[in-house]
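Here the structure is laid out as structure tokens; the discussion comes afterwards.
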Amino acid sequence: MRAGAPGRAAVELHGGRTTAAMRGRLLATVRHMLRLDEDLSGFYAVAAADPELAWAAGGAGRMLRSPTVFEDVVKTVCTTNTSWSATTKMTTALVEHLGDPAPDGRRAFPSAAAMAAVEETFYREIVRAGYRAPYLCELADSVASGAVDVEALADPGLGDDEVAARLLALPGIGPYGAAHVMLTSLGRYSRLVLDSWTRPTYARLAGRKTADATIERRFRRRYGEWAGLAFWLYLTKGWVQ
DNA sequence: CGTCCAGGTCTAC
DNA sequence: GGTAGACCTGGACGC
């Protein structure tokens with residue numbers, strides 16, 4: 001995927017021939033990943049009245065997500081207590097060793113079944129996941145066996161509290177991970193992602209160090225169910241402006 | 001070469 | 001319910 005003309009994105013296909021059905025599925029996946037059908041008008045209505053976030057009301061806030069919730073959960077575990085370079089190395093190793101290969105040799109992110117088929121030593125020695133190795137094994141096993149259905153967390157019929165509780169029950173997912181998966185993968189914007197990057201970034205922008213509870217109160221008061229998205233955009237304004 | 005720590009979580013008080 | 005300590009790894013940093 002690459003940027004096309006303003007307001008457009010282009011998808012490049014590598015490898016063999018494609019059928020209309022394949023292209024249809026690909027388009028649906030890309031729409032899903034880019035969250036093109038998301039309705040953020042409720043958020044924009046509030047943001048427009050906020051001098052700090054009025055810029056976002058022009059169309060910001062579509063969080064890129066993976067094709068599956070499982071992939072986002074695994075990647076999120078690989079962001080915890082480590083550097084971004086290590087995160088990319090871990091996820092790259094998963095793809096290179098367990099991913100389903102395409103005709104051109106490129107590989108997709110592995111399925112839960114593929115991840116469940118290898119031993120814990122694979123995650124330690126090849127993926128270099130360290131103490132996360134047993135978390136990744138248990139996660140893959142429970143999803144592959146059907147004991148846990150992480151895709152079901154996208155069900156709009158579920159409340160945020162219920163979804164958060166189920167995410168927190170997953171191995172390697174704590175408050176940060178749950179908030180991160182909810183914001184990026186599930187389109188649930190109420191939780192603030194508080195971690196070693198967002199805290200100091202907020203402190204810098206706000207001009208002073210602030211307790212988590214205070215930050216949450218500020219954003220919840222003004223943005224309610226959109227608090228997490230508002231917080232994220234407040235922090236990342238510099239990325240796009 | 002030792003220490004610290006990076007987009008935290010879990011366990012045991 | 002809140003809070004120390006341990007936890008893999010590897011790059012950055014001070015010595």
Query raised in the report: Does a side chain donor of either A:Arg218 or A:Tyr202 reach within less than 3.5 Å of an acceptor in the other side chain?
Result: yes
Report summary line: Its dot-bracket string being built from Watson-Crick and G-U pairs below 3.5 Å, with | for another strand and [ ] for crossing, DNA chain C has the pattern .||||||.||||||.
Query raised in the report: Which pair of non-hydrogen atoms, one from A:Asp155 and one from A:Arg188, has the smallest distance, and what is that distance?
Result: O-NH2, 2.8 Å
Query raised in the report: Counting only side-chain N and O atoms of A:Arg128, is one of them less than 4.0 Å from OP1 or OP2 of C:dC8?
Result: no
**Report entry** Contacts of type salt bridge (Lys or Arg N to Asp or Glu O under 4.0 Å), residue A:Arg31, not counting sequence neighbours
**Finding:** A:Asp37
Query raised in the report: Rounding to a whole Å, what distance do you find between A:Arg132:CZ and C:dG10:P?
Result: 11 Å
Report summary line: Closest heavy-atom pair, A:Leu235 versus A:Leu205, reported as atoms and distance to 0.1 Å, is CA-CD1, 3.9 Å
Query raised in the report: For the residue pair A:Lys209 and A:Ala203, what are the closest heavy atoms and their distance?
Result: CA-CB, 3.9 Å
Query raised in the report: Using atom P of each nucleotide, how far apart are B:dG7 and C:dA4 to the nearest Å?
Result: 23 Å
Requested in this report: Mind calculating the distance between CG (A:Asp212) and P (C:dG1) to the nearest angstrom?
Outcome: 18 Å
Query - Nearest-angstrom distance, P atom, B:dC4 to C:dG5 - result: 14 Å
Query raised in the report: Starting at the 5' end of DNA chain C, which residue's closest nucleotide do you reach first, A:Lys89 or A:Ala129?
Result: A:Ala129
**Report entry** Between P of C:dC7 and CZ of A:Arg124, the distance in whole Å
**Finding:** 11 Å
Query raised in the report: Do you know the tightest heavy-atom contact between A:Ala54 and A:Ala48?
Result: CB-O, 3.9 Å
Query raised in the report: Can you tell me how far C1' in B:dC10 sits from the matching atom in C:dG10, rounded to whole Å?
Result: 23 Å
May I have the list of side-chain donor-acceptor pairs in residues 219-226 of chain A shorter than 3.5 Å, sequence neighbours left out?
| from | atom 1 | to | atom 2 | distance (Å) |
| --- | --- | --- | --- | --- |
| A:Arg220 | NH1 | A:Ser190 | O | 3.2 |
| A:Arg222 | NH2 | A:Ala49 | O | 3.0 |
| A:Tyr223 | OH | A:Asp50 | OD2 | 2.8 |

Query raised in the report: How does each nucleotide of nucleotides 8-13 of chain B score, in 5' to 3' order, for protein heavy atoms under 4.0 Å: base (B), sugar-phosphate only (S), or none (-)?
Result: BSS---
**Report entry** Residue pairs, two or more places apart or on separate chains, that pass side chain to side chain donor-acceptor pair (under 3.5 Å) and touch residues 137-153 of chain A
**Finding:** none
Report summary line: Sorted by chain and number, sequence neighbours left out, side-chain hydrogen bond (donor to acceptor under 3.5 Å, both in side chains) with A:Thr18 holds for A:Arg23
